[in-house]
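Chain naming here is simple, since letters A, B, ... match the order of the sequence lines and numbering starts at 1 in each.
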2 protein chains.
Amino acid sequence: MPRPREFEPDAVVDQAMLRFWWRGYRATSIEDLVKATGVKPGSLYSAFPGGKHALFLKSLERYSKLIVPQKLGELAAPGASLAALRGYFDGLVQDLLSPEGRQGCLLVNTAIENAAEDDEAAAVVRGHLARLEQCMTTALRNARGAGEVRASVDPAGHAKVLVATCQGLMVVGKANPDATVLRAIVDNAFAVLV
Amino acid sequence: MPRPREFEPDAVVDQAMLRFWWRGYRATSIEDLVKATGVKPGSLYSAFPGGKHALFLKSLERYSKLIVPQKLGELAAPGASLAALRGYFDGLVQDLLSPEGRQGCLLVNTAIENAAEDDEAAAVVRGHLARLEQCMTTALRNARGAGEVRASVDPAGHAKVLVATCQGLMVVGKANPDATVLRAIVDNAFAVLV
DNA sequence: CTTGTTCTTGAATGGTTGCTCATGTATGTT
DNA sequence: AACATACATGAGCAACCATTCAAGAACAAG
C-alpha cells in the first residue's frame, strides 16, 4: 500500500562509487550526488540511513564486488600463472595511462585518505589486500611449479611484495602517469623473478 | 619604520606541514592553523599570499627539505649500500607501527589526495620520487659492486621497483599497521635480491 | 611628537557543508 | 471513495569553509 520508490538504490550506490572513486570522500558532496543521480537529499537520506558515510561504505563494497573482479581478470582463477599476474600489472599501467583510469584504485585512495580515521573503511581495504595477496600467492605458486620463476622465490612471501608493489605503482602513477616509468617498474619487478 | 612581524613565518609553515601531514589538505582548515599557530587569519593571509594552497605548497617543500633527508639517513650518502637501503625500509616500517608515524609520508598522501587536481603539488611529489630513485640506484649499484646482490639485478631498473614498493608499503601500512605483515614485505623484497 | 609604513586583530563576507523536516503525493487495501 | 503507508520534494538549518577588510597598534625616520 505504500508509495513505491521511484529510483533504484543500487544505481545511486553506483553513482556514489564513481564520485568517491574520482574525487575522494571529502571532496564529494551530497549535492554532487544529488546532481549525479537526480535523487533529492530527503530521499537519499531516507534510502541510506547513516548518510554520506554509510553511502561511502556501500560504495566501497560495491567497488570490491563489481570493479575489483573485473580488474583481477584471469588472476582470480585458481589456475592463474605468471602470464595472468603480469597481465594484471599491465592492466594497472594501462588504466593509469588512460584518461578514464587515472583515478587509480578506490581502495588505495581510501587507504590513504580515510583508513587512519575510519576503521570500517580500513577493514574493507584490508579485505581487498588479503584477496589480492591470495590471488598472487596462487599465481606465483603455479608459476613456480611450471618453472616460470626461480625456485628460490617464496610464493606466499613474494606475493606480499607484489601487493605492495602494485599499490606503489598506483601512487607513482598518480603523480607521474608516464608510460616509460610505469612500464619500467613492472618490467623490473618481473625481471627479478626469473 | 614598519611595524615588525610578531611571528616566525617558518614556524607557521612547520605547523601547517604537520597538520597537512596528519589530516590531509582538505581536512585541514585555516581555523586549525590559526589555533595551532596563534596567528590570526589576517596575518596569515598577508604573510602567505595565495592563502591555503600557497601554504600547502610551502609545506610540501619544507617536508622535502626537512623530513625527507632525515628519513633517508645514510641512504642519501654516495657510499650507501645494501645496509643503508635496508635501513631505510626498516625505518619506514618502524614509523608506520609507531603512533607518531602512522600518518605515513606527506608526499605519498599528497600524490593520492591532490596530484590529479594540483599540478604544482604533483611536481613536488615527482621531485621526491626522482630523488628517492636516485638514492636507491646508487645504493643498489654499490651493493652489486660489493657482491651483496646478484649480478643480474639491474640497479637503475630495480631502484624503480623499490621506489614503488616503499610507496606501496605505506599504503598497506595505513590500512593494516601490522608488524608481521610489514616486516614480511620488506624481508621478501630484499630476499629476492640475493 | 608627528608621520609613514607595515603589522595585528577579529568581525564579517558569501559560499558550502551534511543533514532535517513539514508538506504534498502516489500507491494498495478496505 | 476513503484511508494508511511509505515516498518525493526542496526550502531551510546550523555549522563550517576560505577569505577579506576596516580599524587600531607598533615601530623607525624626520
Side-chain angles (χ1 to χ4, degrees), chain A residues 1-60 106 109-110 113-114 116-121, chain B residues 1-60 109-110 113-114 117-121:
Chain A
M1 43 177 126
R3 176 176 179 176
R5 189 167 265 140
E6 291 177 6
F7 62 92
E8 191 60 52
D10 280 356
V12 171
V13 175
D14 282 346
Q15 278 298 316
M17 180 201 76
L18 288 173
R19 302 281 152 171
F20 288 135
W21 192 1
W22 273 97
R23 304 246 300 138
Y25 178 68
R26 271 200 141 88
T28 301
S29 69
I30 298 294
E31 204 195 351
D32 287 338
L33 301 178
V34 168
K35 277 183 190 161
T37 61
V39 178
K40 304 293 181 286
S43 300
L44 251 180
Y45 278 85
S46 79
F48 299 97
K52 186 184 179 182
H53 185 251
L55 206 35
F56 180 56
L57 292 179
K58 279 200 187 299
S59 297
L60 293 183
L106 172 58
N109 301 352
T110 299
E113 190 192 352
N114 307 297
E117 300 166 313
D118 185 342
D119 256 349
E120 297 175 286
Chain B
M1 40 173 126
R3 176 175 178 176
R5 188 168 266 138
E6 292 176 5
F7 62 92
E8 192 58 54
D10 281 355
V12 171
V13 175
D14 282 345
Q15 278 299 317
M17 181 200 76
L18 289 173
R19 302 279 151 171
F20 288 136
W21 192 1
W22 274 97
R23 305 244 304 137
Y25 178 68
R26 273 198 139 86
T28 302
S29 70
I30 298 294
E31 205 196 349
D32 288 338
L33 301 178
V34 168
K35 277 183 189 159
T37 61
V39 178
K40 303 293 180 288
S43 299
L44 252 180
Y45 277 85
S46 79
F48 299 97
K52 186 184 180 183
H53 185 251
L55 206 34
F56 179 56
L57 292 179
K58 280 201 187 296
S59 296
L60 293 183
N109 301 353
T110 299
E113 191 192 351
N114 308 295
E117 300 165 314
D118 185 342
D119 255 351
E120 296 173 287

Nucleic acid contacts - residues 21-34 of chain A versus DNA chain C, non-hydrogen atoms under 4.0 Å: Thr28(A), Ser29(A), Ile30(A), Glu31(A)
Per-nucleotide protein contact string for nucleotides 24-30 of chain D, where B marks a base within reach and S marks sugar-phosphate only (heavy atoms under 4.0 Å, - for neither): BBBBB--
side-chain hydrogen bond (donor to acceptor under 3.5 Å, both in side chains) partners of residues 35-58 of chain A, not counting sequence neighbours, each pair once: His53(A)-Asp118(A)
Residues from residues 35-50 of chain B lying under 4.0 Å of DNA chain D - heavy atoms: Pro41(B), Gly42(B), Tyr45(B)
Pairing residues for Arg5(B) by the salt bridge (charged side-chain N to carboxylate O under 4.0 Å, His left out) criterion, not counting sequence neighbours: none
Contacts of Glu6(B) that satisfy salt bridge (charged side-chain N to carboxylate O under 4.0 Å, His left out) - sequence neighbours left out: Arg3(B)
Parallel, tilted or perpendicular: ring planes of Phe20(A) versus Phe56(A), cut at 30 and 60 degrees: perpendicular
Bend angle of the helix from dC1(C)-dG30(D) to dT30(C)-dA1(D), from helix axes over five pairs at each end, nearest 10°: 20°
Minimum-distance pair of heavy atoms, taken over all atoms of Pro49(B) and Ala54(B): O-CB, 3.4 Å
Heavy-atom neighbours of Glu31(A) CD exceed 12 at 6.0 Å: no
Non-neighbouring partners of Ala11(A) that pass side-chain contact (heavy atoms from CB on, under 4.5 Å), sequence neighbours left out: Glu8(A)
Euclidean distance, Leu55(A) CG relative to Tyr25(A) OH, rounded to 0.5 Å: 9.0 Å
For Leu18(B), all residues meeting side-chain contact (heavy atoms from CB on, under 4.5 Å), sequence neighbours excluded: Gln15(B), Trp21(B)
Leu44(A) versus Val39(A), closest heavy-atom pair with distance: N-CG1, 3.8 Å
Lys52(B) NZ - dC17(D) C1' separation (whole Å): 8 Å
Range on DNA chain C touched by chain B - first to last nucleotide, heavy-atom distance under 4.0 Å: dG4(C) to dG10(C)
Polar side-chain atom of Glu113(A) near backbone of Gly24(A) as donor-acceptor pair, under 3.5 Å: no
Step-by-step side chain to side chain contact (heavy atoms under 4.5 Å, CB included) determination, Thr28(A) to Leu33(A): CA-CA 8 Å; Thr28(A) 301; Leu33(A) 301 178; 4.0 Å; yes
Nearest non-hydrogen partners of Ala27(A) and Asp32(A), listed with the distance: O-OD2, 3.7 Å
Contacts of Arg26(A) that satisfy side chain to side chain donor-acceptor pair (under 3.5 Å) - sequence neighbours left out: none
Ala121(B) to Asn114(B) - nearest heavy-atom pair and separation: CB-CB, 4.5 Å
DNA chain D contacts made by residues 7-16 of chain B, counting heavy atoms under 4.0 Å: none
